[in-house]
Each structure stands twice: as structure tokens, then as C-alpha cells.
Protein chains: 2
Amino acid sequence: MYNRKIEEDLDCGIRVAAKVFGGKWKCCILDAINRGINRPADIGRYITDASARVIEMQLAELLFFGAIEKCAEEDVYPKKSEYRLTPMGESILPILELMDRWGLDHNELVKERQRELEHAAV
Amino acid sequence: MYNRKIEEDLDCGIRVAAKVFGGKWKCCILDAINRGINRPADIGRYITDASARVIEMQLAELLFFGAIEKCAEEDVYPKKSEYRLTPMGESILPILELMDRWGLDHNELVKERQRELEHAAV
DNA sequence: ACAATAACCGAAAAAAGATTCGGTAAGCGT
DNA sequence: ACGCTTACCGAATCTTTTTTCGGTTATTGT
């Protein structure tokens, strides 16, 4: 896992939250697992924009920080792995919902500004 | 302002939210302004870890997306600028609070994992 | 007149994060 | 036996974000 060069202030709650579920795909993965899509390959098919590698890496981080747990029959070789939310992972869901709602409430405005930017760039 | 090469999915609320108040310092700046610290130089003194340049840039983005507004007497030259939250900016505060509380509730665990990582890296 | 402060900006560089590519090890269907 | 899928990893590369540095313009205090 990547280790930062510059130390971060983990006394700031927002920074802690960003570390655990920030980043481009972690929220989507938590959402998928919450919906019962809990095997890597299935998550990959659910989140079509993300490559398999990204999903593996983000699963590893979510696992590392204890937001999800791995329930695989480690008999001989992994093969069948399933991930589920831990109570800690579940406690993130209300925040995701709030953020998602906020974003959807304001996306028209943001999209418009985005278009302005793109025009100006030409 | 930086213009991405790769398009992002602004139909996902979380992505929209991240665009407006994600990033390393935007939340801190919103918090500062909310506390009545509303001039760039004062915000700089409040958030000591961030350079003046960063604060300017992030203020510009917050302004661009309409989370804050600039109330400067543009008489002859800027000089005195004050920023305040717009209603849209205020609507972000509950989310920040929730994230901050979540982070503070879980920071011991995260800090410990962080220490493990650093040890392993040596 | 001179130093200090405020508000800004452009551009380069560094750091962080995401993506692609190629690989391993194992099981399942035909 | 052969190809397909699953799970996973390392490393190079590219994109995005953050930081640093040096500059402009104007005001205030001495």
C-alpha cells in the first residue's frame, strides 16, 4: 500500500474520513457491497468504469482500515472471496447518502460551470 | 483552473460533492469562513499548514462553484476582500460536521494502522 | 522614500493517486 | 489438454492535485 511522504494531520476528522473512504472508487465499492455485490469480479462488472486492478487495490485498503472484511474459504487457494461491510463500514453509509443527495441536488449548477470551463479552454 | 483530461461522471452525486468541496483544504476553508474568518490573509493565519497560494486557488474554486461569495469593495484595486458562505456553501456544513465526527470517532484505529504501515516500510 | 502587508497570478516541480500491462496460481467446463 | 474465469500482485506510466517560487499592483505606517 502506498505510504505518503508528507505526514497528514489525523487529528482532523475530515482527513481521517478521506483516508478511509475518500478516493475515486471507495464509495462506489462500499455501495456495491452494501447492495450485496460482494465478490471482486462482480463488483468489477457492477462498476464498469473501474479496472479490476483498481478494485483490488481499493478493496485491500478498505480491508486494511477495517471498513470491510473478507470471508473467503481459504481451503487450498483463495478462489472464492466475499467481502462484507463491518459495523465500521456500515457507519459510513449515512454519510455517503448525504453526500450523494447533496451532489444530485446541485449537479445542474456544477455541470454548467464545467461546460463554461471547457468552452473557455478552447 | 485545471481542466481534466478524463471526463468525470457528474451524474454520481458523490463525484459532484467531491468536485465542489473535496480536496485537501476546501473543507478547512469553509470551516474557517463559517467561523467568521473571512479574509484570505486571516484564513492563512488560521490554517497554518497551507500556503497562501493554495488558499487563493481553493478560494477561487469555491467561488467558481458558488459555495462562497466575494464581498470586496472594488473601488480602485482589490485590497479588502471578504468571503462569505452562500446558502449553497452553508448546505455543505452538515456534511462536514458528520464527516468530522466520524473521523474523530475512528481516528485511533486509523492512526494505529498508519503506524503499522510506517513500521513495515522500514 | 522605504519597508511591510494585502490580494493575486503564472509556471515549474513535486507528490499523490489512478490506470495499464503483464504476470502467477488455481479451478471448471469440454 | 485447452481455453476461460477467478483472485491477486508488481511495476511502469500517466493524470491530477498540491506545493513552491517568484512576480505584479496598490495601500499603510514610519
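Just so you know, these numbers use all the heavy atoms, side chains as well, and skip hydrogens, waters and symmetry mates. Labels below follow one simple rule: chain letters A, B, ... track the order of the sequence lines, proteins then strands, and each chain is numbered from 1.
Atom CD in A:E7 sits about 15 Å away from atom P in C:dA15, given to the nearest Å. Look at CG on B:L117: it is 13 Å from P on C:dA16, rounded to the nearest Å. Between A:I6 atom CD1 and D:dT19 atom C1' the separation is 7 Å, expressed in whole Å. Distance B:E56 CD to D:dT19 P: 14 Å, rounded to the nearest Å. Taking atom CZ on B:F64 and atom C1' on C:dC8, their separation rounds to 18 Å, with Å as the unit. Between B:M1 atom CE and C:dA11 atom P there is a gap of 16 Å when expressed in whole angstrom units. One atom, OH of B:Y46, and another, C1' of C:dA6, lie 21 Å apart when rounded to the nearest Å. Separating the CE atom of A:M57 from the P atom of D:dA7 is a distance of 17 Å, rounded to the nearest angstrom.
Contact between the side-chain N/O atoms of A:W25 and the OP1/OP2 oxygens of C:dT19 is found at a separation under 4.0 Å. Look at B:Y2 and you won't find any side-chain N or O under 4.0 angstrom from OP1 or OP2 of D:dT17. Within the structure, every side-chain polar atom (N or O) of B:S81 is placed at least 4.0 Å from both OP1 and OP2 of C:dA6. An OP1 or OP2 oxygen of C:dC8 is reached within less than 4.0 angstrom by a side-chain nitrogen or oxygen of B:K70. Proximity of A:Y83 to the phosphate of D:dC8: a side-chain N or O atom is located under 4.0 Å from OP1 or OP2. Under 4.0 angstrom from either OP1 or OP2 of C:dA18 there lies no side-chain N or O belonging to B:R4.
At the heavy-atom level, A:Q58 lies under 4.0 Å from the strands shown only through sugar-phosphate atoms.
With DNA chain D read from its 5' end, the first of the two nearest nucleotides for B:K5 and B:S51 is the one closest to B:K5. Judged by closest nucleotide on DNA chain D, A:E82 is the one of B:K24 and A:E82 placed further toward the 5' end.
In this structure, the side chains of B:R115 and B:R113 stay at 4.5 Å or more apart for every pair of heavy atoms. Between B:S91 and A:W102 there is a side-chain heavy-atom pair separated by less than 4.5 Å.
Checked against D:dT19, C:dC9, D:dA7, the side chain of A:A41 finds its nearest nucleotide in D:dA7. Relative to the side chain of A:R53, the nucleotides D:dA11, D:dC8, C:dC9 differ in distance, and D:dA11 lies closest.
A cation-pi contact, defined as under 6.0 Å to the ring centre and within 45° of the axis, is absent between B:R53 and B:W25.
The SG atom of B:C28 sits 13.0 Å away from atom CG of B:N34, with the distance rounded to the nearest 0.5 Å.
No path of Ile, Leu, Val, Met, Phe, Trp and Tyr side chains, each step under 4.5 Å between heavy atoms, connects A:M57 with A:I37, placing them in separate hydrophobic clusters.
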